[in-house]
Amino acid sequence: MIVDAHCHLWRRWPYSSEPPAAGATPDALLDEMAANGVSRALVVAAAIGGEDARTENPRNNDDVAEAVREHPAALGMFADVDSRWSASYHRPGAAPRLADEIARTGARGFTHYLGDADDGWFDTADGAEFFSTAESLGLLASVHAPPAWHAAIGGLAQQHPDLPLLLHHQGLATTDDEVDALIALAAHPNVAVKVSGFRYVSTTTPPYPDVRARLERVARAFGAERLAWGSDWPVSTQHHSYADTIAFAADALAFLDESELERVFGGTILSLYSWSS
């Protein structure tokens, strides 16, 4: 079973670029999944948008939750809680907001997009309570953590060993030093990495050949059981097709055997996320 560990749905296209012809709707996603043999997908809610009201998605958690209720066998969700674009980012009261969003949406995981610089929030009482609450609720944390946060992610993993942490887009590591820091996180068994977002970690054009050597290092450090493929649909369609996202990952990980590839393309995320059906 192929499972997409990272995609999005938006009522309004949140970027200045032209939206995909079919939009960022549940039907469009389900069509792409069916065309590419993908059985399930985890939607990363993201309440983003520009200053223009026509691009805003303040109720993205609600929109994604509705899609999951309508398609429970195919879709799951990470609820967006206090991400960097929100007015509540790293403000007091984060833990109750997390608990409320999980109860309201029924999500079994949450996403938290961090800013580019480590502001020390993980070491505050509010930060500790936030992640302790996530751990006690049995959630999967899907974290957008730029390299400046990797050392803090290691501390977080150690402090909350029962909270699985799934890092977006190959940890956003683009240099050898950043990859070294990411690989150091493999020492923590509760840290996993999404094989997604090739364009974010490449200085080349599709099929992003400069990613391969770095990804092989990451894959050998974490093992297939802690890697999860994601398409980053529909953002990725600005650069290549949904099918390409599968092909790029399969090509870059061609050194893995069949059972290991099955883990990356579905087994890992199925073991981490508590699906409703």
Side-chain angles (χ1 to χ4, degrees), residues 5-6 44 46 48 78 83-85 89-90 111-123 127 131 140-161 163-232 235-236 238-240 244-245 248-256 260 263-264 268-269 272:
H6 191 106
V44 180
I48 58 177
F78 292 111
S83 289
R84 63 187 185 189
W85 45 73
Y89 178 66
H90 294 178
T111 191
H112 186 66
Y113 280 72
L114 293 160
D116 291 336
D118 180 354
D119 62 6
W121 186 71
F122 285 4
D123 296 324
F131 289 107
L140 171 59
S142 180
V143 184
H144 180 96
W149 286 89
H150 288 177
I153 289 289
L156 184 69
Q158 187 170 2
Q159 293 160 15
H160 303 280
L163 175 65
L165 300 166
L166 182 56
L167 304 184
H168 294 187
H169 306 327
Q170 302 171 59
L172 300 166
T174 60
T175 68
D176 288 343
D177 287 346
E178 290 172 353
V179 172
D180 288 344
L182 176 63
I183 286 173
L185 295 178
H188 304 283
N190 54 327
V191 177
V193 177
K194 292 184 186 181
V195 181
S196 61
F198 277 56
R199 68 185 183 88
Y200 297 113
V201 294
S202 175
T203 59
T204 61
T205 58
Y208 310 116
D210 60 330
V211 174
R212 294 175 187 171
R214 295 196 301 268
L215 180 57
E216 180 171 353
R217 291 184 61 207
V218 172
R220 293 192 185 281
F222 281 87
E225 67 278 5
R226 288 194 282 159
L227 299 177
W229 165 76
S231 69
D232 196 30
V235 185
S236 56
Q238 305 295 290
H239 307 274
H240 44 72
D244 285 338
T245 67
F248 295 158
D251 182 63
L253 297 172
F255 59 90
L256 298 179
E260 290 172 322
R263 294 286 296 180
V264 176
T268 295
I269 199 64
L272 290 173

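Excluded from the calculations below are hydrogen atoms, water molecules and symmetry mates; all remaining heavy atoms, backbone and side chain alike, are included.
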Taking all non-hydrogen atoms of both residues into account, name the closest pair between [X] and [Y] and its distance.
{"X": "Ala249", "Y": "Val195", "answer": "CB-CG1, 4.0 Å"}
{"X": "Ala148", "Y": "Asp118", "answer": "O-CB, 3.7 Å"}
{"X": "Tyr89", "Y": "Arg84", "answer": "CD1-CA, 3.4 Å"}
{"X": "Gly223", "Y": "Leu227", "answer": "O-CG, 3.5 Å"}
{"X": "Ala173", "Y": "Pro147", "answer": "CA-CG, 4.3 Å"}
{"X": "Ala5", "Y": "Ala228", "answer": "CB-CB, 4.0 Å"}

So do [Y] and [X] actually touch side chain to side chain, heavy atoms under 4.5 Å?
{"X": "Ile269", "Y": "Leu140", "value": "yes"}
{"X": "Leu166", "Y": "Val191", "value": "no"}
{"X": "Arg226", "Y": "Val193", "value": "no"}
{"X": "Lys194", "Y": "Ser142", "value": "yes"}
{"X": "Asp244", "Y": "Pro206", "value": "no"}

Tyr200/His239 aromatic ring centres below 6.0 Å: no

Check: Trp149 ring centre within less than 6.0 Å of Phe122 ring centre: yes

Mind checking the [atom1]-[atom2] spacing from [X] to [Y]? Nearest 0.5 Å is all I need.
{"X": "Phe248", "Y": "Ser231", "atom1": "CZ", "atom2": "OG", "value": "12.5 Å"}
{"X": "Asp119", "Y": "Leu114", "atom1": "CG", "atom2": "CG", "value": "8.0 Å"}
{"X": "His150", "Y": "Leu182", "atom1": "NE2", "atom2": "CG", "value": "5.5 Å"}
{"X": "Leu253", "Y": "Glu260", "atom1": "CG", "atom2": "CD", "value": "9.5 Å"}
{"X": "Thr268", "Y": "Trp229", "atom1": "OG1", "atom2": "CH2", "value": "13.0 Å"}

Between Ser196 and His169, a side-chain donor and acceptor under 3.5 Å: yes

Modelled atom types, side-chain donor and acceptor of Thr245 and Asp232, under 3.5 Å: no

Please output the side-chain donor-acceptor pairs of residues 153-161 that fall under 3.5 Å, not counting sequence neighbours, one pair per line with the distance.
residue	atom	partner	partner atom	Å
His160	ND1	Glu135	OE1	3.1

Of all pairs that satisfy salt bridge (charged side-chain N to carboxylate O under 4.0 Å, His left out), the ones with a partner from residues 212-221, not counting sequence neighbours: Asp180-Arg217, Arg212-Asp251, Glu216-Arg220

Salt bridge (charged side-chain N to carboxylate O under 4.0 Å, His left out) contacts in which one or both residues fall within residues 143-154, not counting sequence neighbours: none

CG/Asp176: more than 12 non-hydrogen atoms of other groups inside 6.0 Å: no

[X]: ring-ring contact (aromatic ring centres under 6.0 Å, His included) partners, not counting sequence neighbours:
{"X": "Tyr113", "value": "Trp85, His144, His168"}
{"X": "Phe198", "value": "none"}
{"X": "His188", "value": "none"}

Step-by-step ring-ring contact (aromatic ring centres under 6.0 Å, His included) determination, Tyr208 to His240: CA-CA 11 Å; Tyr208 310 116; His240 44 72; 5.8 Å; yes

Asn190 side chain to Leu165 backbone, donor-acceptor under 3.5 Å: no

